[in-house]
Amino acid sequence: IRVRALFDNPVLARFAALLDIDADTAETVASEDPSATNADRPERFPLAPMQRRLWSLQRSQPDTVDYVMPFRLHLRGSVDVPTLRAAVVDVVTWHAGLRTVYPEGADGPFGIVLDDAAAVVGPLTAADDDPAAIVEALAGRPFDLTVDAPLRVGLSSAGDTHTLVLAIHHIAADGASLPLIVGDLIRTYRERLAGRATAWQAAPLDYRDYALAMAQADDGGIDDDRRY
């Protein structure tokens, strides 16, 4: 099987067909694998190869904002700002990468997940500034990944038009994960407005586990580019 086949068949059932195995069996591999557990996840965890690259780039060019991704969510009508902020806190609680800092130790950078998602989000007040000005204020200044959580949030309001701005460093999200984060935010805000608790459960594995698996598989003889 060529690598291209994996990218041409990103759905598990289609790729399983190429391998001539049962798709249902393939879907249960992770849950049956005894190594697929977060019970032994350490407080400090290594960075995945791409995260190490982004961390190094940010440290070598501390003034760059090239890897800060701004996103604007436009809302119309009445906006319940406290409820919207609570929904953002929910999402930051669920997505640990949005509240992770990457300090440097004797052996290089490592990740630590901050406990207080509310502190990461901070106060969310409706400013009268133009949305473009808020984007510039949030995404136009660099992150210090050693101490800053890779997320900034702001809100612009003008009459019945509101813009929620998210600025996320690429070390915590990419083009594929950003729609998932925003989708969770929209769903959670709607459910909170309706007075319902969001039915959400943490996945048994997350990106920290991937980084740990990569570190355990690293034999020192394969560089990051070839592994990817």
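Heavy-atom basis, side chains included; hydrogens, waters and symmetry copies ignored. The chain is numbered in sequence order, starting from 1.
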Val11: which other cluster members, linking ILVMFWY side chains closer than 4.5 Å, directly or transitively?
none
Could you grab the distance from atom OG1 of Thr83 to atom CG of Asp90, nearest 0.5 Å is fine?
10.5 Å
Please report the shortest heavy-atom distance between Pro42 and Arg44, naming the atom on each side.
CG-O, 3.1 Å
If you look at every heavy atom in Ala48 and Ala211, which pair is closest and at what distance?
N-CB, 3.7 Å
Are Leu114 and Thr100 side-chain neighbours, meaning at least one heavy-atom pair lies under 4.5 Å?
no
Hey, does Met69 have a side-chain heavy atom less than 4.5 Å from the side chain of His169?
no
Ignoring hydrogens, what is the shortest heavy-atom contact between Gln58 and Pro142? Give both atom names and the distance.
NE2-CB, 3.9 Å
Take Val153 and Leu164 through the test side chain to side chain contact (heavy atoms under 4.5 Å, CB included) and record every step on the way to the result.
CA-CA 7 Å; Val153 186; Leu164 181 70; 3.8 Å; yes
Sorted by chain and number, sequence neighbours left out, side chain to side chain contact (heavy atoms under 4.5 Å, CB included) with Asp8 holds for Arg4
Can you list every pair that meets ring-ring contact (aromatic ring centres under 6.0 Å, His included) and has a residue in residues 54-93, with sequence neighbours left out?
none
Leu75 vs Leu84, side chain to side chain contact (heavy atoms under 4.5 Å, CB included): CA-CA, chis, key distance, verdict:
CA-CA 11 Å; Leu75 306 168; Leu84 179 60; 4.1 Å; yes
What pairs with Pro103 under side chain to side chain contact (heavy atoms under 4.5 Å, CB included), at least two apart in sequence or on another chain?
Val101, Phe110, Ile112
If hydrophobic residues (ILVMFWY) are linked whenever their side-chain heavy atoms come closer than 4.5 Å, directly or via other members, who joins Val135 in its cluster?
Ile134, Leu138, Val165
Nearest non-hydrogen partners of Pro131 and Arg72, listed with the distance:
CB-NH1, 3.7 Å
Give a yes or no on whether Val113 and Leu151 share a hydrophobic cluster (residues Ile, Leu, Val, Met, Phe, Trp, Tyr; joining criterion: side-chain heavy atoms under 4.5 Å apart).
no
With sequence neighbours excluded, residues passing side-chain hydrogen bond (donor to acceptor under 3.5 Å, both in side chains) with Ser156:
none
Tell me, please, which residues at least two apart from Arg76 pass side-chain hydrogen bond (donor to acceptor under 3.5 Å, both in side chains).
Thr161
Any pair counted as side-chain hydrogen bond (donor to acceptor under 3.5 Å, both in side chains), so long as it reaches residues 133-144, sequence neighbours left out
Asp144-Thr146
Going by the rule side-chain hydrogen bond (donor to acceptor under 3.5 Å, both in side chains), which residues pair with Ser56 if we only count those two or more places apart in sequence or in a different chain?
none
If you measure from the Lys or Arg side-chain nitrogens to the Asp or Glu carboxylate oxygens, is any gap between Arg85 and Asp80 under 4.0 Å?
no
Heavy-atom neighbours of Arg14 CZ exceed 12 at 6.0 Å:
yes
Evaluate the side chain to side chain contact (heavy atoms under 4.5 Å, CB included) criterion for residues Arg59 and Glu104: first the C-alpha distance (whole Å), next the side-chain angles of each, then the deciding distance (0.1 Å), finally the verdict.
CA-CA 10 Å; Arg59 293 288 283 171; Glu104 185 174 13; 3.4 Å; yes
Between Ser60 and Leu57, which heavy-atom pair has the shortest distance, and what is it?
OG-O, 3.0 Å
Asp148 versus Tyr102: any side-chain heavy-atom pair under 4.5 Å?
no
For Ala117, what residues pass the side chain to side chain contact (heavy atoms under 4.5 Å, CB included) criterion, not counting sequence neighbours?
Val89, Val92, Thr93, Arg99
Let me confirm one number: the OH-CZ distance from Tyr210 to Phe45, rounded to the nearest 0.5 Å.
13.5 Å
Close side-chain approach of Arg41 to Leu212, heavy-atom, < 4.5 Å
yes
Is Ser157 close to Val81 at the side-chain level, that is, under 4.5 Å between some pair of heavy atoms?
no
Report all side-chain donor-acceptor pairs from residues 180-187 shorter than 3.5 Å, counting only partners two or more places apart or in another chain.
residue: Asp184; atom: OD1; partner: Arg187; partner atom: NH2; Å: 3.0
residue: Asp184; atom: OD2; partner: His95; partner atom: NE2; Å: 2.8

Main chain of Asp174, side chain of Ser177: is a donor-acceptor contact present, judged purely on distance under 3.5 Å?
yes
How many angstroms lie between OH in Tyr207 and CD1 in Ile171, if you round to the nearest 0.5 Å?
9.0 Å
Side-chain contact, heavy-atom cut-off 4.5 Å: Leu18 with Asn9?
yes
Just by modelled atom types, is the Leu47 backbone N or O under 3.5 Å from a matching donor or acceptor in the Arg52 side chain?
yes
Test side chain to side chain contact (heavy atoms under 4.5 Å, CB included), reference Leu98, set Ile168, Val88, Val120, output is Ile168
Hits for side-chain hydrogen bond (donor to acceptor under 3.5 Å, both in side chains) against Asp107, two or more places apart or cross-chain, chain-then-number order -> none
Could you pull out the closest heavy-atom pair between Gly97 and Pro150, with the gap in Å?
O-CG, 3.3 Å
